[in-house]
Amino acid sequence: MRRIAEIIRRGKPGEELTVAGWVRTKRELKEFSFLEVNDGSCLSNLQIILESNLGEYETLLKRLNTGASLQVTGILSTSPSKGQNLELKATSLIVYGEADPQDYPLQKKRHSFEFLRTIGHLRPRTNTIGAVMRVRNTAANAIHKFFQERGFLWIQSPIITASDCEGAGEMFNVTSLDLERLTGKIDYSQDFFGKKAYLTVSGQLEAEVMAMAFSNVYTFGPTFRAENSNTSRHLAEFWMVEPEMAFCDIYGDQDLAESFLKEIFKSVLENCQEDMEFFNERIDQSVLATAENIINHQFARITYTEAVELLLKSNKTFEYPVEWGVDLQSEHERYLAEELFKKPVIVTNYPKGIKAFYMRLNDDDQTVAAMDILVPKIGEIIGGSQREERLDILEKRMLANDIPASELWWYLDLRRYGTVPHAGFGLGFERLIQLITGMANIRDVIPFPRTPGNAEF
Ligand code: 4AD
Ligand code: MG
């Protein structure tokens, strides 16, 4: 069996070969018919020619509607028609499964992404979702390659955890207690783990443990947030990439993040050319320009305080007013990246009051060594920081944030025994795929989106 992507690249006219896939369209004529067949290996379909002298021509054609699955053996030839280089003249054909044109939901016409979400089991067969999934695959591969080439160890951080890394209280509980029988106060010592457990919001704390032994590590896995934000950039289950580097400060952290994003874009442009051209033509005409921009220009680097000043003198009316000490909203982030700098912006040194307890306190005692990377159309795509490696200061910060030392005793131990300056960041993988493809809604860049009120498929 040959894959269509490979045939289009390397197929030679005259060779006999077998392909299998699903019918996208059928064009019936008296003497012969055309089938457009796709096997998911690339955006392009392979054109199959069925001649009427093929056994059971009429019966076969009736069974071969959009969505039907088949296997064809035939002779490859150069196509006389425009926009098509190679076609396959069928010599034999097997229909695996039919798809009744009366009720198969994916007919030839274009469907809205909202509609496609209601048929999450069939939407992978569309051009757009197909292209998204191939880009996702290439980007994931590029991420592993980037870190592996630099000697980072891939860490499988746990999915079930007892600690709230971000301290934002947006965690899903994990329990084996029979919820329907619970009355009164819950005794978690009777629960599966003998205490409260959650789905992780981040693998960072565990990555820090491992960085204190292997120097450079990264996690790449699913994370979960029970935040009730029904936006085009939030999922309840999303994938995060979290590198953590010992002997590294906030500057090294920014450098790594910048070259990391550039490498991923290069790899996608190189390996997903056809899909990227499709996005540029059909989804967002700035997608290729954005990729070139990210690869070829240095990111802007400003402090939070500078960002606030720039926003205040922008003469723009924002829905949420800007004020030092208050977190930047998506509209502010987008203004900076999209309108002002017109490229990714790294914002550092946020007020300590709006960032997590583990970020390193700066000498001004007011700000922490945080860094967020903001990009056009999305806003924040990366959040990271240098970590607080000084035991006494970390203890104070935990106290101020109501985080009991008894819960994170092991995290404090890392500062007790052989502590070192270290830093890391988290990249939201789906937001990255949105940035690459121009897809407006995050629900359309993950195979099976989980959002408030929706865990279908
Ligand atoms: O900024 P966040 O919350 O940072 C952390 O979790 C740190 N522990 C990372 C670290 O330093 N190791 O999340 C990191 C990124 C965000 O910048 C965003 O891209 C993405 O994760 N993200 C989400 N993506 C989709 N849906 C959500 N609900 C997301 N929340 C965060
Ligand atoms: Mg963040």
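Atoms within each ligand, like the ligands themselves, are counted from 1 in listed order. Keep in mind that the numbers below use all heavy atoms, side chains included, and drop hydrogens, waters and symmetry copies.
In terms of N/O distances under 3.5 Å, ligand 1 is approached by Glu166. Residue Ile381 has at least one nitrogen or oxygen atom sitting less than 3.5 Å from a nitrogen or oxygen atom of ligand 1, judged on distance alone. Backbone and side-chain nitrogen or oxygen atoms of Gly428 are examined, and one is located within less than 3.5 angstrom of a nitrogen or oxygen of ligand 1. In terms of polar-atom proximity, Met240 is not counted as a contact of ligand 1, lacking any N or O under 3.5 Å from an N or O of the ligand. Here's the thing with Glu244: none of its N/O atoms is less than 3.5 angstrom from an N/O atom of ligand 1. The distance criterion of under 3.5 Å between nitrogen or oxygen atoms is not met by His234 with respect to ligand 1.
Heavy-atom distances between Arg450 and ligand 1 stay at or above 4.0 Å for every pair. Within the structure, ligand 1 has Ile442 among the residues with a heavy atom less than 4.0 angstrom away. Residue contacts with ligand 1: Glu430 is excluded, as none of its non-hydrogen atoms falls under 4.0 Å. Ligand 1 does not have Phe224 within reach: every non-hydrogen atom of the residue lies 4.0 Å or more from it.
Residue Gly383 has at least one heavy-atom neighbour below 4.0 Å for each of these atoms of ligand 1: 1 (O), 9 (C), 10 (C), 11 (O), 17 (O). The contact set between ligand 1 and Ser202, taken as ligand atoms under 4.0 Å from a residue heavy atom, comprises 6 (O), 8 (N). Residue-ligand proximity, Arg233 to ligand 1, at heavy-atom distances under 4.0 Å covers atoms 25 (C), 26 (N). Those atoms of ligand 1 with a heavy atom of Gly384 less than 4.0 angstrom away are 11 (O).
With a 4.0 Å heavy-atom cut-off, ligand 1 is reached by the side chain of Tyr358 but not by its N, CA, C or O. Residue contacts with ligand 1, taken as heavy atom pairs separated by less than 4.0 Å, involve Arg387 solely via side-chain atoms from C-beta onward. The proximity of Phe238 to ligand 1, defined as any non-hydrogen pair under 4.0 Å, is limited to the side chain.
Distance from atom 6 (O) of ligand 1 to its nearest protein heavy atom, with residue and atom name: Arg225 NH2, 2.9 Å. Counting only heavy atoms of the protein, atom 28 (N) of ligand 1 lies nearest to Glu227 OE2, 2.8 Å. Summary of contacts: the protein heavy atom closest to atom 17 (O) of ligand 1 is Glu380 OE2, 2.6 Å. At the shortest separation from atom 9 (C) of ligand 1 among protein heavy atoms lies Glu242 OE2, 3.3 Å. Closest to atom 26 (N) of ligand 1 among all protein heavy atoms lies Leu235 N, 2.9 Å. The nearest heavy-atom contact from the protein to atom 15 (C) of ligand 1 is Gly426 O, 3.6 Å. In this structure, the protein non-hydrogen atom closest to atom 18 (C) of ligand 1 is Arg431 NH1, 3.5 Å.
Salt bridge annotation for Glu258-Lys262: present, with a cationic side-chain nitrogen under 4.0 angstrom from a carboxylate oxygen. Between Glu263 and Lys266 there is a salt bridge, with a side-chain nitrogen of the basic residue lying less than 4.0 Å from a carboxylate oxygen of the acidic one. A salt bridge does not link Arg334 with Glu339: every distance from a Lys NZ or Arg NE/NH1/NH2 to an Asp or Glu carboxylate oxygen is 4.0 Å or more. Salt-bridge formation is not detected for the pair Lys352/Asp364: no Lys NZ or Arg NE/NH1/NH2 atom is positioned less than 4.0 Å from an Asp or Glu carboxylate oxygen. A salt bridge links Arg3 with Asp39: the closest approach of a Lys/Arg side-chain nitrogen to an acidic carboxylate oxygen falls below 4.0 angstrom. Using a 4.0 Å cut-off between a side-chain N of Lys or Arg and a carboxylate O of Asp or Glu, Glu331 and Lys316 do not qualify as a salt bridge. Under a 4.0 Å N-O distance rule, the pair Asp444/Arg123 qualifies as a salt bridge. Checked for salt-bridge contact, Arg416 and Glu395 meet the test: a charged N lies under 4.0 Å from a carboxylate O. Look at Arg387 and Asp253 and you find no salt bridge, because none of the NZ, NE, NH1 or NH2 atoms lies under 4.0 Å from a carboxylate O. Using a cutoff of 4.0 Å between basic side-chain nitrogens and carboxylate oxygens, Glu407 and Lys195 are not scored as salt-bridged.
Looking at Met210 and Glu244, their side chains never come closer than 4.5 Å, going by heavy atoms from C-beta outward. For the pair Phe247 and Met245, the minimum side-chain heavy-atom distance is 4.5 Å or more.
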Residues Tyr358, Gln204; criterion side chain to side chain donor-acceptor pair (under 3.5 Å); working and verdict: CA-CA 10 Å; Tyr358 53 71; Gln204 178 196 321; 3.1 Å; yes
Test log, rule side-chain contact (heavy atoms from CB on, under 4.5 Å), inputs Ile264 and Phe146: CA-CA 8 Å; Ile264 301 170; Phe146 177 87; 5.9 Å; no
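For a distance bound of 2.8 Å, the N, O or S atoms of Asp372 include none lying that close to the Mg ion (ligand 2).
Looking only at distances, a side-chain donor or acceptor of Ser41 sits under 3.5 Å from a matching main-chain atom of Ala5.
As for Glu380, its N/O/S atom nearest the Mg ion (ligand 2) is the one called OE2.
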